[in-house]
Amino acid sequence: MTNLNTIRIVVLGGSRCGKTAVTVRYLTKRYIGEYSSTTDFLYRTNVTFDNVTTQLEILDTCKCTINGCLYDHFRWGEAFVVVYSVTSQHSFREAQDLLEKLNSLKLPSYYTTLLLGNKRDLDHSRQVCVDEGQELSLRYGSQFYEVSAAENYVGVMLSFQSLLRDARSVQLLRTLPIRRKLGVNSVSKVLGTIFGKNNGNKANRKKRPSLSI
């Protein structure tokens, strides 16, 4: 069984969007109610999938991070989960702001991002439609999933696994000489450049599948 280096994941988002619920659901399969925290929390664990064992460090950030030490977290992380609640346009705007700051501050580093819409079980209170999340993810070259941390472990697990697959690709790309020739900042753009899938023409750009699970 192959072992790779540690992958450092930062979980970001506004208050009451379910960052901690999503993180704990992924790590333990259990659901916990939302709560406010004034400190960041670092989890360390090993996960195995696709016949590969990966060491993870997951930083669950507090709300104050948005206006606080983002730069340090951006420098530390190599994969980022940006969470919003589908029941809150405000949290969606905060997610957009985080993706924009990440895009600006991480250049020209390689990294990967996952835009995660949480609370899809509360569809009756939905304020953010699936298409809005998908369009935002396309704008920043991010993966996109909608999940319910409250109802479904599988959806959260699959979204994190997809992020980890991209993060592994980033680690491999860092070892290739071609990385010096690519003016891209996310793994989706890197892979698109390599395989000719991103020609910069919005009219010809296909939407990534939007997954609500």
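Treat the numbers as computed from the prediction; the structure is a model and nothing was measured.
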task: Please test Thr61 against Val10 for side chain to side chain contact (heavy atoms under 4.5 Å, CB included), starting from the C-alpha separation and ending with a verdict.
output: CA-CA 7 Å; Thr61 62; Val10 181; 3.8 Å; yes

Heavy-atom closest pair (Leu115 atom, Ala95 atom, distance to 0.1 Å) is CD1-CB, 4.1 Å

Taken to the nearest 0.5 Å, the spacing of Leu164 CG from Met157 CE works out to 11.5 Å

Self-check item: Between Glu100 and Tyr140: side-chain donor-acceptor atoms closer than 3.5 Å
Solution: yes

So CG of Asp131 and CG of Leu136: to nearest 0.5 Å the spacing works out to 12.5 Å

*Between Arg8 and Trp76, is there a donor-acceptor pair closer than 3.5 Å when you use the side chain of the first and the backbone of the second?*
yes

| query | Does Gln127 reach the main-chain N or O of Gln89 with its side chain, forming a donor-acceptor pair under 3.5 Å? | reply | yes

Could you check whether any side-chain heavy atom of Ser142 comes within less than 4.5 Å of a side-chain heavy atom of Val82, counting everything from C-beta outward? no

key: Centroid-centroid under 6.0 Å between Tyr26 and Tyr153 rings   = no

Tell me if a side-chain donor or acceptor on Lys119 pairs with a main-chain N or O of Val86 at a distance below 3.5 Å.
no

Parallel, tilted or perpendicular: which fits the ring planes of Tyr84 and Phe144, with parallel below 30° and perpendicular above 60°? parallel

d(Leu98 CG, Asn103 CG) to nearest 0.5 Å is 12.5 Å

Test log, rule side-chain hydrogen bond (donor to acceptor under 3.5 Å, both in side chains), inputs Asp60 and Thr20
CA-CA 6 Å; Asp60 178 18; Thr20 298; 2.6 Å; yes

Quiz item: Is Asp121 reaching over with its side chain to a backbone N or O of Glu151, donor-acceptor style, under 3.5 angstrom?
Solution: no

Checklist entry - Any side-chain heavy atom of Val170 within less than 4.5 Å of one from Tyr111? => result no

### Query
Do NZ/NE/NH1/NH2 and the carboxylate oxygens of Arg126 and Asp123 come within less than 4.0 Å?
yes

### Message
What verdict does the side chain to side chain contact (heavy atoms under 4.5 Å, CB included) test give for Thr113 and Asp166, after you've listed the backbone C-alpha separation in whole Å, the side-chain angles of each residue and the deciding distance to 0.1 Å?
### Response
CA-CA 9 Å; Thr113 56; Asp166 268 8; over 6 Å; no

* To do: May I ask you to decide if Leu56's main-chain N or O and Asn46's side chain share a donor-acceptor pair within less than 3.5 Å?
  => no

I'd like to check Ile7 versus Gln171 (side-chain heavy atoms, cut-off strictly below 4.5 Å). Are they in contact? yes

Short question: side chain of Glu132, backbone of Cys129 - any donor-acceptor pair under 3.5 Å? yes

Note: Thr6 and Glu57 closest approach over all heavy atoms is CG2-CG, 3.8 Å

- Message: Just so I know, are the side chains of Lys19 and Cys17 near enough to count as touching, which here means a heavy-atom distance under 4.5 Å?
- Response: yes

Q: Answer yes or no: is there a donor N or O on one side and an acceptor on the other, between the side chain of Gln143 and the main chain of Ser162, under 3.5 Å?
A: yes

Below 4.0 angstrom, N of the basic side chain to O of the carboxylate: do Asp97 and Lys101 qualify?
yes

Original post:
Under a single-linkage definition using a 4.5 Å side-chain heavy-atom cutoff for Ile, Leu, Val, Met, Phe, Trp and Tyr, are Leu122 and Val130 assigned to the same hydrophobic cluster?
Top reply: no

Output for pair (Gln161 CD, Thr54 OG1), nearest 0.5 Å, gives 10.0 Å

Using modelled atom types only, decide if a donor and an acceptor are shared between the side chain of Asp50 and the backbone of Val52 within a distance under 3.5 Å.
no

field: Stepwise side chain to side chain contact (heavy atoms under 4.5 Å, CB included) check, Thr112 with Leu163
entry: CA-CA 7 Å; Thr112 184; Leu163 177 74; 3.8 Å; yes

Within the 4.5 Å heavy-atom criterion, are Val11 and Val83 side-chain neighbours or not? yes

Do Arg139 and Gln96 make a side-chain contact, defined as non-hydrogen atoms from C-beta onward lying under 4.5 Å apart?
yes

*Would a 4.5 Å heavy-atom cut-off, applied to side chains only, mark Thr45 and Val47 as touching?*
yes

Looking only at heavy atoms, the pair that brings Arg25 and Lys29 closest together is NH1-O, 2.6 Å

Legend entry - Polar contact flag, side-chain donor to acceptor under 3.5 angstrom, Ser91-Ser85: no

What do the steps show when you test Asn118 against Val147 for side chain to side chain contact (heavy atoms under 4.5 Å, CB included), and what is the final call? CA-CA 5 Å; Asn118 187 32; Val147 300; 4.0 Å; yes

| query | Do Leu114 and Phe80 have side chains that get closer than 4.5 Å, going by heavy atoms? | reply | no

Looking only at heavy atoms, the pair that brings Tyr31 and Ala149 closest together is CD1-O, 3.3 Å

Minimal heavy-atom distance between Leu27 and Tyr43, with the atoms involved, is CD1-CG, 3.4 Å

Check whether Phe49 forms a cation-pi arrangement with Arg168 (NZ or CZ under 6.0 Å from the six-membered ring centre, at most 45° off the ring normal). yes

